[in-house]
4 protein chains.
Amino acid sequence: MSGARPAEPRRRDAEASRRAILQAALEEFAEKGHDGARIDEIALRAGVSKPLIYDYFGNKNAVYAAALREAYVQIREGEEELELDAMAPAEAIRSLVRFSALHFQEKPWFITMLNTENLRRGSTITDLKDAGEIQSVLVRKLAAVLERGAAEGVFRSGVDPVELYISIASLCYFPVSNRFTLRVVFGCPVDRAWMERCAEAASEMLLLWLAPPQNTRKSR
Amino acid sequence: MSGARPAEPRRRDAEASRRAILQAALEEFAEKGHDGARIDEIALRAGVSKPLIYDYFGNKNAVYAAALREAYVQIREGEEELELDAMAPAEAIRSLVRFSALHFQEKPWFITMLNTENLRRGSTITDLKDAGEIQSVLVRKLAAVLERGAAEGVFRSGVDPVELYISIASLCYFPVSNRFTLRVVFGCPVDRAWMERCAEAASEMLLLWLAPPQNTRKSR
Amino acid sequence: MSGARPAEPRRRDAEASRRAILQAALEEFAEKGHDGARIDEIALRAGVSKPLIYDYFGNKNAVYAAALREAYVQIREGEEELELDAMAPAEAIRSLVRFSALHFQEKPWFITMLNTENLRRGSTITDLKDAGEIQSVLVRKLAAVLERGAAEGVFRSGVDPVELYISIASLCYFPVSNRFTLRVVFGCPVDRAWMERCAEAASEMLLLWLAPPQNTRKSR
Amino acid sequence: MSGARPAEPRRRDAEASRRAILQAALEEFAEKGHDGARIDEIALRAGVSKPLIYDYFGNKNAVYAAALREAYVQIREGEEELELDAMAPAEAIRSLVRFSALHFQEKPWFITMLNTENLRRGSTITDLKDAGEIQSVLVRKLAAVLERGAAEGVFRSGVDPVELYISIASLCYFPVSNRFTLRVVFGCPVDRAWMERCAEAASEMLLLWLAPPQNTRKSR
DNA sequence: AATGAATGAGTTTTCATTCAT
DNA sequence: TATGAATGAAAACTCATTCAT
């Protein structure tokens, strides 16, 4: 029932072993949460023995911390590839919304890791030294887009880039994070097409909100 | 170590014991998640012995299912008290947004229970027979508000009430659900005032989105 | 191979279970030392399950601490039964020496517990609140004997009772504590008879040492 | 590590590694006992890798056996340097007592190794082929001292040198071996000065005991 | 001669659950 | 109705030992 694929052995290659453990941990913690995750299962998924995990990370919490960090690193890598500078402001927003929705859906461990960490009241992320820097890049990019948009007259000015980012994330996060309860409670068909419509609606909503006061609606 | 307050004993009152266990379970599961929750701790919080919990509920999963159901019941009770019919359409929207944001923040167990259940891929809610009905009331109310708004010319027509509800929930859910990571990663001061500004912005955004095509912005 | 006797079960009697665990722990720690002792083995010896041990004591160290305390309690009980007041001073000394030698030999856990605790640099006994009082009774009794002896002119005065006790213990302790190495290195027949000759010699030595300056030897 | 030397023969390196391991093992086993000692820690202390230890010694027990033997070798070396033949009999006794007390205190691994081995019921020393010879030298020297003393009329005759040695060891061993528990239980200030007073008293006691029947006390 | 990489077989500890009253 | 006593099964973690170079 649990996704144990023995994984081919990578013999005597410390760095490869480390990375295998990290990815296995990310998946296991994301699927089961901090307390539901099993070191045994991580070892199985990574194709290594349990003691090796302790050799490399020390204890379960440290493995968890490394997995949490990895979740952030992975989304940051995706965000950094976005070339927002090269796009028209409205297009940049649409692009980021689309990326977020996609990433949340295709790398499901990101959302569940965040939920798990928030359930634990952020006790681990607080200790990750570089957690702050980890997303500052994106905020700076967003600030630039907002400025350009204001200068070009397509956005109103004075929008806080962090607030904008949180709105984007909110609209993309909830439908994915809560897809199982939504399916049961509202009967939503929580599939790819539905998610894309969500992202579409989110872009609409955000661009309306960013539009300058006197502007009439342009919409799609 | 966790917030165990022994609670005064309720002697020989089956219904009271049941309710004490239920509330204790709701808090424990909401604080620690399904796997982190401890039957011992629930017994302690409820001021009863462990075997009593098994007598009443059968096993840990059944206690969890009852707690999950209780979370929905509690929010539905709040929503039913909202007199959306008596308000102007825009006011009704604002009111629901405010209520959602407030409820998420003041009854923190709702969000964490949903996250926990979604981490478990909805395996429990699927079996709750009445889960579907549980929120249909609200959707019907929202549909009525939307119709009234369209009739009065303040909303565009053709808006799906479920989609609207999900958007409302999204904007209110994420900032509360992720408050610990947001604080660390973005340095947000995740307090009451900040949440109210989030709700304010959410209302703005939603009303703009609901506005009919030709309408100019009203804003506050 | 290890001295596991399943022991008859004492069902549903908390105090009896506690005592069974304590005695089993005393024997196991005394035989194997702190790190060699096994909780599994203690459970087996006591005829209870492992979790019960954790219920009652908390963890291995706490079990060890309780066992160490018990070792002292047991020897104190023996010492308290000695009626030194009723004996002539020299007889009291002989009696205490004999008791010590006997106790060391017949309750072998006392010596090995002390050795174990000293190997651990007294890290546990330091935290036992009542460790100090535990032997003060005996020292007071010895002081009385010394005073009586001095008054009667059979002992010199000014002997420190603690120093005397340590000398007694030294002479009785070493031959028992080191019986295995002594047997191999010196070929001593470390049996009951040999131990009694040791105690005899110890008494001689101590009484000579206690004798007042002018006294001529009485000997046996 | 040592840079400017004409390449040393490999055998010398091997021998140095062996000795480093042996001393590291002696210290580790003496500090933690057989079961508390860690091969990892021995490797660390010795500055070599774990597999090297297995190459040289085979397994943990063999390392332990070698360390135990080394403890005896070291004390024998000290005892052999004592020139008991050149001293007056009483002086020889005092000298040996002083040496024992000093050695026990300054080479603390001797006592803890003996205690550890006795905890293990001598299972290792029994297999050391040369354990017996290891201290016979000292016993022969002591026998000679006793004979000289008897001939000179300062000792009574018929004293068993082994019994004498055990008495000496007893009085010097216990206060050092049990210094941690003694400190807590009796409040003894177990420092250098205190130990010297113990040795002093031990010499007194032993010489009184060795004195011939008619002799009056000399004392200091 | 020497070591970094890896693990099998335990050991302590935890926890949902049942027994007996 | 209620609970103190007890445990089987499993989890995190450890450690002597071997592998491969």
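Lettering of chains follows the sequences in order, A, B, ..., and the numbering in each one begins at 1.
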Counting only Watson-Crick or G-U wobble pairs whose two distances fall under 3.5 Å, which nucleotide matches E:dT13?
-> F:dA10
To the side chain of A:S49, which of E:dA2, F:dT1, E:dT7 is closest?
-> E:dT7
Side-chain N or O of D:S17 closer than 4.0 Å to phosphate OP1/OP2 of E:dA2 | yes
Short side-chain to backbone donor-acceptor contact, C:K60 and C:A37, under 3.5 Å | yes
Heavy atoms, side chains only, cut-off 4.5 Å: are D:F180 and C:T126 in contact?
-> no
Are D:K50 and D:D40 ion-paired here, with the side-chain N under 4.0 Å from a carboxylate O?
-> yes
Go ahead and name the base partner of E:dA20; Watson-Crick or wobble counts if both distances stay under 3.5 Å, otherwise write none.
-> F:dT3
Identify whether any heavy atom of D:N59 sits under 4.0 Å from a base atom; if not, whether one sits that close to sugar-phosphate; answer base, sugar-phosphate or nothing.
-> sugar-phosphate
Check every atom of E:dC15, F:dT17, F:dC13 against the side chain of A:Y54 and return the nucleotide holding the closest atom.
-> F:dC13
Rounded to the nearest angstrom, tell me the gap between atom CG in C:D13 and atom P in F:dA5.
-> 9 Å
Nearest to the side chain of D:I39 - E:dT12, E:dC19, F:dT17?
-> F:dT17
Any donor and acceptor pair, going by atom type alone, linking the side chain of A:E117 with main-chain N or O of A:T124 inside 3.5 Å?
-> yes
Honestly, is B:R69 close enough over B:Y64, meaning NZ or CZ under 6.0 Å from the six-membered ring centre and within 45° of the axis?
-> no
Interatomic distance, D:I53 CD1 vs E:dA1 C1' [rounded to whole Å] | 14 Å
On DNA chain E, check which nucleotide each of A:P51 and B:N61 is closest to and give me the residue with the more 5' one.
-> A:P51
Does a distance-only test, which skips hydrogens and angles, find a donor-acceptor pair under 3.5 Å between the side chain of C:K50 and the base of E:dT13?
-> yes
Whole Å only: how far is the CD1 atom of C:I21 from the P atom of F:dA5?
-> 12 Å
Looking at every strand, decide which applies to D:D55 at a 4.0 Å heavy-atom threshold: base, sugar-phosphate, or nothing.
-> base
Whole angstrom is fine here: how far is it from NE2 in A:H34 over to C1' in F:dA11?
-> 13 Å
Could you state the atom-to-atom distance from CD of B:E15 to P of F:dT1 in whole Å?
-> 12 Å
Protein-nucleotide distance (D:F57, atom CZ; F:dA16, atom P), rounded to Å = 16 Å
So, are A:E70 and A:R19 salt-bridged, with charged N and O less than 4.0 Å apart?
-> yes
Could you state the atom-to-atom distance from CZ of B:R38 to C1' of F:dA10 in whole Å?
-> 12 Å
Sugar-phosphate only, base, or nothing, as touched by D:Y56 at under 4.0 Å among non-hydrogen atoms | sugar-phosphate
Looking at every strand, decide which applies to D:A43 at a 4.0 Å heavy-atom threshold: base, sugar-phosphate, or nothing.
-> nothing
Remember a base hit wins even if backbone is also touched, and classify C:L52 as base, sugar-phosphate or nothing at under 4.0 Å, heavy atoms.
-> base
B:D40 has an atom CG; how far is it from atom P of F:dA6, in whole Å?
-> 16 Å
